[in-house]
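Here's the structure we're looking at; comments come further down.
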Number of protein chains: 2
Amino acid sequence: MTKYDTTCDLGQCSLIGQTCAVFNLRKASRAVTKLYEEILKPSGILPTQFTLLVVTRAFGPVTISSMAEMLVMDRTTLTRNLKPLEREGLLRVVPGKDDKRSREVSPTNKGLEQLEEALPLWQEAQYRVEHALGSVRLDRLLDDLTAVVSAARSA
Amino acid sequence: MTKYDTTCDLGQCSLIGQTCAVFNLRKASRAVTKLYEEILKPSGILPTQFTLLVVTRAFGPVTISSMAEMLVMDRTTLTRNLKPLEREGLLRVVPGKDDKRSREVSPTNKGLEQLEEALPLWQEAQYRVEHALGSVRLDRLLDDLTAVVSAARSA
DNA sequence: CATATTTAAGTGTATATACACTTTTTGTGG
DNA sequence: CCACAAAAAGTGTATATACACTTAAATATG
């Protein structure tokens, strides 16, 4: 007898779709990402890129590591995700003044302009989700998502 | 005056982290995926691969398109995601009998063995999230995730 | 002060994701 | 039957994700 109930067998596979946390989170992530992508399309930036612009606008200049921590994103993932935005001249990444190991990320003027252009589109996407889901339920979901991040990180 | 309130300006960027649906979903997806990956590691399969094995075990043989619809995953994404499992001999993909355009996916014996090995690990991951989040809140989250998928698809 | 350790970041590799486009097969009207 | 539309799937390309490993700089330690 192990620590956990392992009586689950292959016959219960059809139930996993309703109960599996990681599957349902990833599925919802795909569905909602698709909606935001469609709506943000005229701005030319993808949902993740929008997020990076927002963070640098709010907290920049920020180091790669501190930014990764805020986003709950692996540092090396963030390094890669910054690349398209650097290439398009929307973000600037420069060596840190005090600590020469670090690199600091800031939005460029072009990045801020494009962010300003994207903001009403993001707002519309938010409204659509809020309208379709209900604002009470959306607030509850956002709250539970924050909680599950803490849960997963402490578990 | 547009249809939506576009008074949101760059100064509100610091609030977006708490309210943005797509950011919070993707963030939670990253955090929970990481946990499941760690726990599933001894089984040698990743969370997405576990999901694909479960679906084929429960509903196989299934065509690529029908499977993609169940998973709310782009068909071409699924095609690519099947590759590692085919390569490892855990899934079999064969041309459909009636319709020669289609291809049907089934688990192999090796796939079923590996799934059986992964199931108690998946169960443990579920327990850990349930314990850290609370079973009431987890059930509510799963329910809201299902709802937000419908919301995003209909919005 | 010299060395060892720790820390910030980048690279190689692999999976995950999806759009635009193409190929093959099925069905459908005439 | 034939041409055309619809459907199933694959490919090219690009972003997103993260682990293992490496490099370079800062800090601690003797």
Side-chain angles (χ1 to χ4, degrees), chain A residues 22-23 25-38 40-41 44-52 61-69 71-88 90-91 93-105 152, chain B residues 22-23 25-38 40-41 44-52 61-69 71-88 90-91 93-105 152:
Chain A
V22 73
F23 166 59
L25 270 167
R26 293 181 71 88
K27 180 171 62 150
S29 179
R30 286 191 292 269
V32 172
T33 297
K34 191 181 173 85
L35 177 66
Y36 278 71
E37 268 178 7
E38 284 167 12
L40 285 175
K41 195 167 188 79
I45 56 181
L46 298 169
T48 296
Q49 300 176 345
F50 175 79
T51 298
L52 300 190
V62 278
T63 64
I64 308 248
S65 289
S66 66
M67 198 172 163
E69 196 165 342
L71 297 164
V72 190
M73 182 182 284
D74 188 88
R75 180 187 51 78
T76 69
T77 300
L78 177 57
T79 295
R80 298 279 159 71
N81 287 352
L82 292 173
K83 280 287 174 336
L85 294 164
E86 277 185 271
R87 185 182 357 104
E88 297 300 321
L90 307 181
L91 286 183
V93 185
V94 299
K97 292 166 197 68
D98 303 336
D99 189 335
K100 286 174 184 169
R101 291 170 303 180
S102 70
R103 287 160 63 76
E104 295 186 337
V105 189
Chain B
V22 74
F23 166 58
L25 270 167
R26 292 180 72 89
K27 181 171 62 148
S29 180
R30 285 192 292 269
V32 173
T33 298
K34 192 180 172 84
L35 177 66
Y36 277 72
E37 268 177 8
E38 284 168 11
L40 284 175
K41 195 166 189 81
I45 55 181
L46 297 169
T48 296
Q49 300 176 345
F50 175 79
T51 299
L52 300 189
V62 280
T63 64
I64 308 249
S65 289
S66 66
M67 198 170 162
E69 197 165 340
L71 297 163
V72 190
M73 182 183 284
D74 189 86
R75 180 187 52 76
T76 69
T77 300
L78 178 57
T79 296
R80 299 278 159 72
N81 288 351
L82 291 173
K83 280 289 174 332
L85 294 164
E86 278 184 271
R87 182 178 4 100
E88 297 299 320
L90 307 181
L91 288 182
V93 185
V94 299
K97 292 165 197 67
D98 302 338
D99 189 336
K100 287 174 184 170
R101 291 170 302 180
S102 70
R103 289 160 61 77
E104 295 184 337
V105 188

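Below, chain A is the first sequence line, B the second, and so on; all start at residue 1.
- Both B/K41 and A/Q49 lie near DNA chain D, and the one whose nearest nucleotide falls closer to the 5' end is A/Q49.
- Nucleic acid contact class of A/T33 (heavy atoms, under 4.0 Å, all strands): none.
- Residues satisfying the side-chain hydrogen bond (donor to acceptor under 3.5 Å, both in side chains) test with A/T79, not counting sequence neighbours, are none.
- Scored by the salt bridge (charged side-chain N to carboxylate O under 4.0 Å, His left out) test, A/R80 finds no partners at all (sequence neighbours excluded).
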Are any protein N/O atoms closer than 3.5 Å to N/O atoms in nucleotides 22-25 of chain C? If there are, list each pair with its distance.
from   : atom 1 : to     : atom 2 : distance (Å)
C/dT25 : O2     : B/R101 : NH1    : 3.2

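- Under the side chain to side chain contact (heavy atoms under 4.5 Å, CB included) criterion, B/E86 pairs with B/L82, B/K83, B/V93, B/R103, sequence neighbours left out.
- Take the nearest nucleotide of DNA chain C for B/P84 and for A/K34: the residue whose nucleotide is more 5' is B/P84.
- When DNA chain D is scanned in the 5' to 3' direction for atoms under 4.0 Å from non-hydrogen atoms of chain A, the outermost contacting nucleotides are D/dT15 to D/dA26.
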For nucleotides 1-4 of chain C, print each protein N/O atom paired with a nucleotide N/O atom at under 3.5 Å, atom names and distance only.
none

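- Where A/T48 and B/E37 each meet DNA chain D at their nearest nucleotide, the meeting point lying more 5' is that of A/T48.
- The side-chain hydrogen bond (donor to acceptor under 3.5 Å, both in side chains) test applied to B/T33 returns A/R26, not counting sequence neighbours.
- Nucleic acid contact for B/R75: base, since at least one base atom lies under 4.0 Å from a heavy atom of the residue.
- Residues satisfying the side-chain hydrogen bond (donor to acceptor under 3.5 Å, both in side chains) criterion with B/T77, sequence neighbours excluded, are absent altogether.
- For A/T63, the side-chain hydrogen bond (donor to acceptor under 3.5 Å, both in side chains) test picks out A/S66, with sequence neighbours left out.
- When heavy atoms are screened at a 4.0 angstrom cut-off, A/T76 is found touching base atoms of the nucleic acid.
- Counting non-hydrogen atoms under 4.0 angstrom, A/K83 reaches nothing in the nucleic acid.
- Smallest separation of non-hydrogen atoms from A/Q49 and A/G44: OE1-O, 4.4 Å.
- A 6.0 Å sphere centred on CD of B/E69 holds no more than 12 heavy atoms belonging to other residues, nucleotides or ligands.
- A sub-4.0 Å separation between OP1 or OP2 of C/dG10 and a side-chain N or O of A/T79 is present.
- B/R26 comes within contact range of the sugar-phosphate backbone alone, with a heavy-atom separation under 4.0 Å but no base atom that close.
- Scored by the side chain to side chain contact (heavy atoms under 4.5 Å, CB included) test, A/K27 finds A/F23, A/N24, A/R30, B/V72, B/V149 as partners (sequence neighbours excluded).
- Contact record, A/R75 with A/A68: CA-CB, 3.8 Å, taken as the closest heavy-atom pair.
- Taking the salt bridge (charged side-chain N to carboxylate O under 4.0 Å, His left out) definition, one finds that A/D99 meets it with A/R101, sequence neighbours left out.
- Residue contacts shown for A/R30 are limited to sugar-phosphate atoms, with no base heavy atom under 4.0 Å away.
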